[in-house]
Amino acid sequence: MKEQTEKGRASRVLRRLAGGRGPSPDSLVHEWSVLPTVAVSCYWIWLYIAYSLDVFVVSSDAFVRFDILQKGFGFLGAALFMIVVSRLRTATFFERTPFLALFSVGAGLSIVVVSALARAGVPLVPPVVFAAWLLMGAGTAAAFLRLFSGLQDAGQGRFCAINSLALFLSGFFYLLLLGLQDNVRLVLTVFVVCFTAFVPLSTPASSASAGDEAGAAASARKVGGKSAPVASATGEGAPSQTAGNAAVKALLSFRGELFLLSVVFGLAYCLGISLSIMSGSLEFIWLSLCVPGIFLMLYSVFLKNRVSVRVLLTFLFPIAAFLLLLLPFSNPFGLVLCCSLLVMCFTTYDVLNVVRLRSIIAANRLPQAKSWATGRYPQLAGLVLGWAVGYGMLLTDDALKALLPVVCVGLVVAIVAMLTRYVWKFSDAGGTAHVSEETVESVHDAITLRYRLSPREREVMELLVRGYSTERIGKDLHISYHTVKTHVYHIYQKVGVHAQQELIDLVEERLRLMR
């Protein structure tokens, strides 16, 4: 009996290690945040070893700026992988098998092997080098899908805290890497890649809740005389076609801003990395990791219930526009500084955007791998375009001087146009304050049906969305403080949020989709 218990325990560990779904309802994300934080830190270290240092670069005299061209193929590989996954009819294969873990290890180590062969004196033709970088980029994309799908159930506050702390820690790891030899960095990369791919992160639903979901899916719950199909916690239920279309629309609603800012980042990162390598000042990467990490930690602790993610995201656009205006008129040191500040802005935007994606996927109970890829590929496409523009400028000094002002002004005009559109759409022309009462009631009805809220929970939810405190809700509904707290807890559990601001964001997102 004891041997069977030990075998069962070992089997569960191996299944979690391979990225599959383990049977335990208590995931490490909820019990212990150390492993997720270290895993995300390793993911960022992996990225910055590949794209910020020359550890994997194979030298060649056949191409001008061959090192920058190789790294561009890495971004291209990640973009292609995300596009392929987003176009699949079903991506549950990636969630139920260890494919993402195994592929990210194999693809990530391909560039390590190629780099080691080049250092050993083995002649390599450019197509082999480019293919290795494509695979490496695809491996980082696979690691992203596995990591953030595994952290999906962590809740917005914990999710943001894990990512911000991981950014902060990876900045210090990066400083340590600068003082090491390339051979040591190659060995560390092997460890980082394997740990990122195989650390146990999955957060399966409990057997009891899974049974409840299955029963609900078999017989639709009646609320207010209407029936509504209930999706499972993993996104495998049967949501209505309208709900599915609205969810996809929510995922794609911000692809324009994501693409635009990613073009800016790709350009700034390409120029900043190239000029930093030439000047030997790679320490600015530390700032682009640690400063956003500190800011996001403060946000996740003090501001997440007061300031929505959308407000912070919109605030970063004018900062990026200002830095772009300074870029063409800066000396080499100022150019590196502006590029580092732009990378800082984008790193902050990147993590906040991931938090927003998590909220949309959790609120609509979407298939995780496909949904993450759908909401993510515009960013990678923008990176590829920005990197290509930056690479074209770096081919000659004349091209850099002539094209940089034109490109920067064009990007600033695009940012201003997008900000104007947001102001028009979300305040004057279509803000939630101008939505009709019927539309608001329809959204509340839809949430009540979808998440099976009781009539009293519906009343509490409406007051929460208005920003009322627990004491105020108790006075208005003539119930005790503890009863209100119980209803709030049940609402958060059913809807899949962890704070009042998350619930407000969910309702506002649905209101925007109905306009």
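Hydrogens, waters and symmetry mates play no part in the numbers below; they use all other heavy atoms, side chains included. Not measured: the values here are computed from a predicted model.
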If I compare all heavy atoms of [X] with all of [Y], which pair ends up nearest, and what's the gap?
X	Y	result
K370	R87	NZ-C, 3.9 Å
V85	A369	CG1-O, 3.9 Å
L404	L271	CD1-CD1, 3.9 Å
L327	C338	CD1-CB, 3.4 Å
V407	M393	CG2-CE, 3.2 Å
V406	A402	CG2-O, 3.8 Å

Inter-residue atom distance [X].[atom1] - [Y].[atom2], 0.5 Å rounding:
X	Y	atom1	atom2	answer
W372	F148	CH2	CZ	7.0 Å
L167	I162	CG	CD1	12.5 Å
F346	I319	CZ	CD1	15.0 Å
L100	L147	CG	CG	10.0 Å
S262	D350	OG	CG	7.5 Å
L80	L380	CG	CG	9.5 Å

Next item on the list: Tell me, with the steps shown, if V40 and T196 meet side-chain contact (heavy atoms from CB on, under 4.5 Å).
Entry: CA-CA 7 Å; V40 180; T196 304; over 6 Å; no
Note to self: Using the rule given for side-chain contact (heavy atoms from CB on, under 4.5 Å), can you reason through V199 versus V38, listing the C-alpha separation, both sets of side-chain angles and the distance that settles it, and then say yes or no?
What the structure shows: CA-CA 9 Å; V199 65; V38 175; over 6 Å; no
Side chains of [X] and [Y], heavy atoms from C-beta outward: is any pair under 4.5 Å?
X	Y	answer
L342	Y269	no
F173	V192	no
L35	F195	yes
F144	V354	yes
M136	W46	yes
Y299	C160	yes
L180	L188	yes
P292	V351	no

Check: Strictly under 6.0 Å, is that where the ring centroids of F265 and Y349 end up?
Finding: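 Centroid separation for F265 and Y349: 6.0 Å or greater.
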Item checked: Aromatic contact, F103 with F81 (centres under 6.0 Å) ->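 Aromatic pair counts; centres sit under 6.0 Å.
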Do [X] side-chain atoms and [Y] backbone N/O form a donor-acceptor pair below 3.5 Å?
X	Y	result
S41	T37	yes
Q70	V57	no
S52	I49	no
R358	F159	no
S115	V55	yes
S164	A161	yes
R376	M82	no

Next item on the list: Show your reasoning for whether side-chain contact (heavy atoms from CB on, under 4.5 Å) applies to V114 and F56.
Entry: CA-CA 8 Å; V114 169; F56 305 131; over 6 Å; no
Notebook entry, point to check: Going by distance alone, is a donor N or O of one side chain under 3.5 Å from an acceptor N or O of the other, for Q379 and N353?
Noted result: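 No, N353 and Q379 have no side-chain donor paired with an acceptor closer than 3.5 Å.
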Next item on the list: Hey, can you tell me if W387 and Y51 have their rings parallel, tilted or perpendicular (30° and 60° cut-offs)?
Entry: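 Rings of W387 and Y51: perpendicular, as their planes differ by over 60°.
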Margin query: Would F198 and L102 count as a side-chain contact (heavy atoms from CB on, under 4.5 Å) here? Give the steps.
Written below: CA-CA 8 Å; F198 289 114; L102 297 175; 3.7 Å; yes
Item checked: Axial cation check for Y43 ring with R146, 6.0 Å and 45° limits ->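 R146 over Y43 ring: no.
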